[in-house]
*Asks:* 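To start, I am sharing the structure in question, which I have written as structure tokens.
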Amino acid sequence: MELTATTTIRKPTSEVYAFWRDLENLPTFMAHLEEVRTTGDRTSRWVADAPFGKDIAWNAEIVDETPGEKIAWRSTGDADVPNAGTVRFVRAPDGVSTEVHISLVYDIPGGTIGKAVAKYFGEEPHQQLDDDLRRLKQVIETGEVVRSDGAPWGKRAREEFPQRPAQPLSDAELAKGADR
Amino acid sequence: MRANTWAGRNKVEVRDVPDPRILNRRDAIVKITSTAICGSDLHLVDGYVPTMQDGDVMGHEFMGEVIEVGPDVPPERLRVGDRVVVPFPIACGACGACAAELYSCCENTNPNAGIAEKMFGHPVAGIFGYSHLTGGFAGGQAQYARVPFADVGPLKIESDLADEQVLFLSDILPTGYMGAEMCDIQPSDVVAVWGAGPVGQFAMDSARVLGAAKVIAIDKEPYRLQMAERAGHIPVNFEEVDVRSRLLELTGGRGPDKCIDAVGLEATHGSAHVAAYDRVKQAVRSETERPHALRQAIMSCRSGGVVSVIGVYGGLMDKFPAGAWMNRSLTLRTGQCHVQRYMKPLLKRIEGGELDPTRIITHRLPLEEAEHGFEIFKNKEDHCEKVVLKP
Ligand SMILES: NC(=O)c1ccc[n+]([C@@H]2O[C@H](COP(=O)([O-])OP(=O)(O)OC[C@H]3O[C@@H](n4cnc5c(N)ncnc54)[C@H](O)[C@@H]3O)[C@@H](O)[C@H]2O)c1
Ligand SMILES: [Zn+2]
Ligand SMILES: [Zn+2]
């Protein structure tokens, strides 16, 4: 399965590139990631968020990079869901913003993991990636993922629909957090 | 705290809800001192804006005192104790739309942008108390509200102006003003305004302030037309006269140079069978608008004129007079108001006495009586023009 998405961020390419190149930032906006840990100059360890498939983790390496322009990576070893990605950073015509073009390829296996991944992406798989990029834009332009009363848990806005009412959260809800 | 909530179609209810907390680092919590009911709230209550949920806190016109700020709100921008008016669109101040001062189209403040994008092609900003399509933010008809991006939107009031003089900077005064500003008013212009509700009244006053030669008010409620007349505008009652003929008469046959739609999707029509056509289509949801005012504005406007739309539309419209629009070189301009753009300049005009926002207030009620407020505002009872609620 190949997914593509794009957004424009009102920051210079160098800044957007640097944010992405620190792969540990990816889980702040990519809904399917729990954690990414850098293990070497080009290598990293990725842990998926539960709905993507419980206890899935894999190693990845950067296979191509041009500072300020492009990063390409792929999973290594026997990943449960072999995957690869490329992100390109292009100066927008306004001269101040950066266009982010991302492409992800998943090799979806059979079995329970394949089912979990397919369920995660749902009927309109590109929407997840669109939402990821929306959050990337929020984080880089405003500092954080934006929360509302109806969609308080940032990365989970879409799956919460229909949402809790647009009224403040109770102490119990706040204490419970995004746990499902 | 107590808050006025949406309780299904045609029903609002003041209930106990939790107090708001800081959720993002640039939030503030405001203790509300004054809040208002808007024509936009009627669209929600009447069920014409999708994605409302039982228990949603209503209200997007409010002001009050800052009682808490998040860690990333710079103290030079906002502090505990500040008195602020809060603009209804939530804007981040950093995206492309905000950089272009198109605050109601902010690209970052709507957590449900994906859903809005499906309906509108591109997403719109978050709005307080205005459905989940615009973010699912609790509104301001309450004792307290959480205000995201508190370092961007809220306007500090440092003078001793009363709440009632500045409250409407949150929405309807900037909205009316933007409606007039989009008309590029020239000194020779006759400006016709459909709707003598609060938004229409301020569009009329703004057209005058921007130098229009004549301002015409079109509505069917005699008391609202009288209010416009007292402010110096020319009333036209669409239930008593044929609007087009009357407008031709008032403009030497040219038609108004500029037309403002301050009615929106729940317009009524003088002729029963035309009204029935759209009412039925709207009821079965094969059309979401009842666009009588907009159609009439387009047909009436002089060739080459501007039709400025500040009345709210939500979806799809039937029988849009595209021929009149295209063949007569009309310009159509519109938008949810970019309130942040207008707050400071309009505060100056209030301080200078050029605009008196208090002239439209007819009712002051405790928050507990919000339901009654909605009823009289919606049904035009007791000469209701604008209700201010006191939490
Ligand atoms: N663009 C924005 O940012 C913005 C902001 C606030 C409000 N609004 C919208 O502005 C509109 C007006 O708001 P309001 O608070 O004044 O509401 P309101 O309901 O009090 O006023 C609407 C008025 O229009 C009159 N009307 C109905 N049908 C008409 C017709 N065919 N011709 C002429 N007049 C007609 C009604 O009698 C009423 O007096 C609403 O649609 C509201 O949602 C837009
Ligand atoms: Zn309003
Ligand atoms: Zn913005």
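Chain naming here is simple, since letters A, B, ... match the order of the sequence lines and numbering starts at 1 in each.
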*Asks:* When you look at CZ of A:Arg42, are more than 12 heavy atoms from neighbouring residues, nucleotides or ligands closer to it than 6.0 Å?
*Replies:*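 Yes.
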*Asks:* Work out which heavy atom in A:Gln163 is nearest to a heavy atom in B:Asn112; give both atom names and the distance.
*Replies:*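 The pair with the smallest heavy-atom distance is NE2-OD1, 2.6 Å.
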*Asks:* May I ask you to name which of B:Cys92, B:Cys95, B:Ala3 has the most heavy-atom pairs under 4.5 Å with chain A?
*Replies:*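 Max contact count across the listed options: B:Cys95.
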*Asks:* Answer yes or no: is there a donor N or O on one side and an acceptor on the other, between the side chain of A:Asp149 and the main chain of B:Phe137, under 3.5 Å?
*Replies:*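 The answer is no, because no donor-acceptor pair under 3.5 Å joins these two groups.
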*Asks:* For A:Lys70, is the NZ atom crowded, meaning more than 12 foreign heavy atoms sit under 6.0 Å from it?
*Replies:*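 It does not: A:Lys70 NZ has 12 such atoms or fewer within range.
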*Asks:* Is there a donor-acceptor pair under 3.5 Å between the side chain of B:Arg26 and the backbone N or O of A:Thr142?
*Replies:*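 A pair under 3.5 Å: yes.
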*Asks:* Going by distance alone, is a donor N or O of one side chain under 3.5 Å from an acceptor N or O of the other, for B:Asn108 and A:Gln138?
*Replies:*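 B:Asn108 vs A:Gln138: no donor-acceptor pair found between side chains.
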*Asks:* Please give me the minimum heavy-atom distance between A:Arg147 and B:Pro111, naming the atom from each residue.
*Replies:*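 Looking at all heavy atoms of both residues, the shortest contact is C-CG, 4.3 Å.
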*Asks:* Give me each pair satisfying side chain to side chain donor-acceptor pair (under 3.5 Å) with a member in residues 92-102 of chain A, each pair once, sequence neighbours excluded.
*Replies:*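 Matches after skipping sequence neighbours: A:Thr6-A:His101, A:Asp94-A:Ser97, A:Glu99-A:His101.
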*Asks:* Mark yes when over 12 heavy atoms from residues, nucleotides or ligands other than A:Asp78 sit less than 6.0 Å from its CG; otherwise mark no.
*Replies:*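 Incorrect, the count does not exceed 12.
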*Asks:* Verify the neighbour count for atom NZ of B:Lys156: are there more than 12 heavy atoms of other residues, nucleotides or ligands below 6.0 Å?
*Replies:*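 Yes, the 6.0 Å shell around NZ holds more than 12 heavy atoms from other groups.
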*Asks:* Of all heavy-atom pairs between A:Arg134 and B:Gly114, which one has the smallest distance, and what is that distance?
*Replies:*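 Where A:Arg134 meets B:Gly114 most closely, the heavy atoms are NH2-CA, 3.3 Å.
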*Asks:* Write out all pairs satisfying ring-ring contact (aromatic ring centres under 6.0 Å, His included) with one or both partners inside residues 71-91 of chain B, taking only residues at least two apart or from two chains.
*Replies:*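 Residue pairs with at least one partner in residues 71-91 of chain B: B:His60-B:Phe88.
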*Asks:* Is the backbone N or O of A:Ala166 less than 3.5 Å from a side-chain atom of B:Asp56, with the two atoms forming a donor-acceptor pair by type?
*Replies:*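 Such a contact is found between B:Asp56 side chain and A:Ala166 backbone.
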*Asks:* Less than 4.5 Å to any heavy atom of chain A: does that hold for the side chain of B:Met1, its backbone, both, or neither?
*Replies:*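 Contact with chain A involves the side chain of B:Met1 alone.
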*Asks:* Going by heavy atoms in the side chains, are B:Lys118 and A:Glu124 under 4.5 Å from each other?
*Replies:*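 Sidechains of A:Glu124 and B:Lys118: in contact.
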*Asks:* Which bit of B:Phe149 is near chain A, if near means a heavy-atom gap under 4.5 Å: side chain, backbone, both or neither?
*Replies:*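 Just its side chain gets close to chain A.
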*Asks:* Taking the side chain as every heavy atom from C-beta outward, state whether B:Pro148 and A:Val146 have any pair of such atoms under 4.5 Å apart.
*Replies:*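 B:Pro148 does not reach A:Val146 side chain to side chain.
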*Asks:* What residue in B:Asn110, B:Val57, B:Asp72, B:Ile90 has the most heavy-atom pairs under 4.5 Å with chain A?
*Replies:*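 Highest number of pairs under 4.5 Å: B:Val57.
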*Asks:* Above 12 or not: heavy atoms from other molecules or residues under 6.0 Å from NZ of B:Lys390?
*Replies:*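 It does: B:Lys390 NZ has more than 12 such atoms within range.
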*Asks:* If I measure from the heavy atoms of chain B, does A:Val145 come under 4.5 Å with its side chain, its backbone, both, or neither?
*Replies:*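 Interface part for A:Val145: backbone (N, CA, C, O).
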*Asks:* Considering all heavy atoms of both residues, which atom of B:Leu23 and which atom of A:Leu169 are nearest to each other, and what is their separation?
*Replies:*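 Reported closest heavy-atom pair: CD1-CD1, 4.3 Å.
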*Asks:* Should A:Asp171 and B:Arg21 be marked as a salt bridge (Lys or Arg N to Asp or Glu O under 4.0 Å) after you check the CA-CA gap, both sets of side-chain angles, and the distance that decides it?
*Replies:* CA-CA 9 Å; A:Asp171 289 342; B:Arg21 302 289 162 82; 2.8 Å; yes
*Asks:* By a 4.5 Å heavy-atom criterion (distance strictly below it), what part of B:Asp54 contacts chain A: side chain, backbone, both, or neither?
*Replies:*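 Only the backbone of B:Asp54 comes within 4.5 Å of chain A.
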*Asks:* Do any N or O atoms from the side chain of A:Ser148 and from the backbone of B:Gly135 form a donor-acceptor pair under 3.5 angstrom?
*Replies:*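 At least one qualifying donor-acceptor pair exists.
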*Asks:* Is there a salt bridge (Lys or Arg N to Asp or Glu O under 4.0 Å) between A:Glu144 and B:Arg25 once you walk through the steps?
*Replies:* CA-CA 8 Å; A:Glu144 292 181 276; B:Arg25 301 174 62 86; 5.3 Å; no
